[in-house]
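Report on the following structure.
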Number of protein chains: 2
Amino acid sequence: MKNKMNIKDPRASRSRQALLDAGIQAFLQNPNASLTEVATFAGVGRATLYRHFETREQLIQEMAKESLIQIDKAMAPIYEKNLKGSFAIKAMFEVSMPVADRFHFLLSLWNIANEDTKVREIYDRQLNEINTLVEQGKRAGEIKSDMTTTWIVTLIDCLIYAGWWSIKDGHLDAKSASELAIASLFGGIQT
Amino acid sequence: MKNKMNIKDPRASRSRQALLDAGIQAFLQNPNASLTEVATFAGVGRATLYRHFETREQLIQEMAKESLIQIDKAMAPIYEKNLKGSFAIKAMFEVSMPVADRFHFLLSLWNIANEDTKVREIYDRQLNEINTLVEQGKRAGEIKSDMTTTWIVTLIDCLIYAGWWSIKDGHLDAKSASELAIASLFGGIQT
DNA sequence: GCACTATGATACATCTACGTTTCAAAGTTA
DNA sequence: TAACTTTGAAACGTAGATGTATCATAGTGC
């Protein structure tokens with residue numbers, strides 16, 4: 001089935017987008033969701049799914065790409081405003097939190113998404129960008145330099161996760177989640 | 001197959017333990033690992049696995065119980081020493097980090113493990129205990145009281161995850177991971 | 001040594017998901 | 001309206017995992 005749909009056809013692009021969206025929802029809820037479930041969730045036939053994505057892996061990889069690109073889009077204004085170091089990191093939390101679900105459905109499917117060259121490429125670049133921001137913060141004297149950059153990047157990732165988790169549980173909204181994450185990251189919980 | 005093995009028989013207890021250990025390793029690496037893989041990894045026949053655990057779900061639930069009990073054992077000295085608040089939380093990081101893998105293979109299988117009443121029971125109690133420690137810390141004026149306890153518990157969980165992740169990646173050993181996690185949790189990364 | 005029990009290997013049945021194919025119907029474009 | 005494309009529904013084949021049953025072998029306890 002090497003059939004590629006024409007994305008200029010409104011039916012095709014609608015189906016494709018519905019499938020990608022449904023995939024996020026379905027896999028977020030259950031990483032082992034079957035493609036039948038995804039198709040049903042998207043409101044399209046199972047055969048249509050296979051007309052748009054050759055395999056399960058390809059679907060997941062396309063979803064990953066879409067999500068990573070969405071992060072890029074959300075981050076763009078930050079770089080345009082020329083924010084640096086801790087200011088950029090804080091802004092990153094604010095823009096990431098509302099799309100954190102798309103970011104973290106990947107967690108359980110990363111082994112599959114990571115097979116794709118393009119996905120790895122985008123992800124590595126994004127990780128590098130965060131690295132740069134942390135380094136900037138260190139040079140500006142905003143961030144402790146006795147903690148490795150690697151650790152701090154891991155920490156940031158986990159705080160995004162913590163915020164998203166709280167949002168998902170209904171304990172917080174996106175705004176307060178990012179505020180809490182920022183406060184916790186920079187200031188800790190100690191009085 | 002309602003056959004229950006006699007754990008007094010050294011062969012049976014050896015097989016059982018090998019299967020539980022292999023399950024941790026296998027599922028940690030790949031949450032969809034087949035029972036064939038688990039059995040092979042444990043060095044026992046697939047049939048033997050089914051003689052010890054009726055279903056895949058039961059195996060996972062037994063693994064979960066074992067892991068939660070291991071956390072309990074690791075935490076026992078802390079309560080015996082009568083540590084409170086932030087001191088207990090710090091100690092918790094130190095004892096948790098070396099067994100964090102057992103704690104977090106659960107992450108991806110929690111939906112299954114959580115089906116078991118006993119598992120839920122132990123987990124809820126442990127979560128409650130952390131809750132209590134945080135509250136103690138707040139009352140003692142060690143922990144900011146403008147952050148909800150729920151948030152701080154989430155944060156602690158994520159920091160354990162961050163530390164475990166760094167250990168797994170080979171960036172840190174258990175000791176430095178817990179030190180960094182403690183420093184980050186209480187003091188943040190700001191200079 | 002003897003009764004008992006766990007084990008490995010194997011064969012077997014079942015079930016579910018994957019992926020393909022076909023065809024009539026409906027939507028799109030010109 | 002007419003040519004073209006996407007779609008849903010259904011049937012089909014395949015592969016892999018789950019769970020069961022059997023039997024000879026080997027370890028265990030007395």
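Naming convention: chains lettered A, B, ... in sequence-line order (proteins, then strands); numbering from 1 in each chain.
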Backbone N/O of [Y] and side chain of [X]: donor-acceptor pair under 3.5 Å:
X: Thr132(A); Y: Asn128(A); result: yes
X: Gln126(B); Y: Ile122(B); result: no
X: Gln61(A); Y: Ile112(A); result: yes
X: Glu142(A); Y: Ser86(A); result: yes
X: Glu62(B); Y: Leu20(B); result: no

- Message: Classify Arg14(B) by what it touches in the nucleic acid, base, sugar-phosphate, or nothing, heavy-atom distance under 4.0 Å.
- Response: sugar-phosphate

- Contact summary for Met5(B) and Ala12(B), nearest pair of heavy atoms: CB-CB, 4.0 Å

- Task: Taking all heavy atoms of Trp151(A) and all of Ala177(B), pick out the closest pair and write down the distance.
- Result: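 Taking every non-hydrogen atom into account, CH2-O, 4.5 Å.
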
I'd like a table of donor-acceptor pairs (distance under 3.5 Å, sequence neighbours excluded) in which one partner is a side-chain atom from residues 26-42 of chain B, with atom names and distances.
unit_1, atom_1, unit_2, atom_2, d
Asn30(B), OD1, Asn32(B), N, 2.9
Asn32(B), OD1, Asn32(A), ND2, 3.2
Asn32(B), ND2, Asn32(A), OD1, 3.2
Ser34(B), OG, Thr36(B), N, 3.4
Ser34(B), OG, Glu37(B), N, 3.2
Glu37(B), OE2, Ser34(B), N, 3.1
Thr40(B), OG1, Thr36(B), O, 2.7

Rounded off to whole Å, could you give me the [atom1]-to-[atom2] distance for the [X] and [N] pair?
X: Ile60(A); N: dG19(C); atom1: CD1; atom2: C1'; value: 15 Å
X: Asp9(B); N: dG29(D); atom1: CG; atom2: C1'; value: 9 Å
X: Leu59(A); N: dA17(C); atom1: CG; atom2: C1'; value: 14 Å
X: Glu57(A); N: dC18(C); atom1: CD; atom2: C1'; value: 10 Å
X: Phe53(B); N: dT20(D); atom1: CZ; atom2: P; value: 15 Å
X: Lys8(A); N: dC4(D); atom1: NZ; atom2: C1'; value: 13 Å
X: Leu49(B); N: dA21(D); atom1: CG; atom2: C1'; value: 16 Å
X: Arg56(A); N: dA15(D); atom1: CZ; atom2: P; value: 19 Å

- Could you give me the CA-CA distance, side-chain angles and deciding distance for Leu159(A) and Ser184(A), then say whether side chain to side chain contact (heavy atoms under 4.5 Å, CB included) is met? CA-CA 8 Å; Leu159(A) 275 159; Ser184(A) 305; 4.2 Å; yes

Closest listed nucleotide, where the reference is the side chain of [X] and the choices are [options]:
X: Tyr50(A); options: dT28(C), dC18(C), dA21(D); answer: dC18(C)
X: Arg51(B); options: dG19(C), dT28(D), dC23(D); answer: dC23(D)
X: Met5(A); options: dG19(D), dT6(D), dT22(D); answer: dT6(D)
X: Ala47(A); options: dG8(D), dT28(C), dA21(D); answer: dG8(D)
X: His52(A); options: dT7(D), dT5(D), dA6(C); answer: dT7(D)

- Query: Of Glu37(A) and Thr48(B), whose nearest nucleotide on DNA chain C comes first from the 5' end?
  - Reply: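 Mapping each residue to its closest nucleotide by heavy atoms, the 5'-most match is Thr48(B).
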
- Starting at the 5' end of DNA chain C, which residue's closest nucleotide do you reach first, Ile7(B) or Arg46(B)?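 By nearest-heavy-atom nucleotide position, the 5'-most residue is Ile7(B).
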
- Message: Both Thr55(B) and Arg11(B) contact DNA chain D. Which one's nearest nucleotide lies toward the 5' end?
- Response: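 Closer to the 5' end of DNA chain D: Thr55(B).
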
- Query: Is NZ or CZ of Lys90(B) both nearer than 6.0 Å to the six-membered ring centre of Phe186(B) and within 45° of the ring axis?
  - Reply: yes

- When the C1' atoms of the five terminal pairs at each end define the local axes, what inter-axis angle does the helix from dG1(C)-dC30(D) to dA30(C)-dT1(D) show, to 10 degrees? 50°

- Item | Interface residues of residues 27-36 of chain A with DNA chain D (non-hydrogen, below 4.0 angstrom) | none

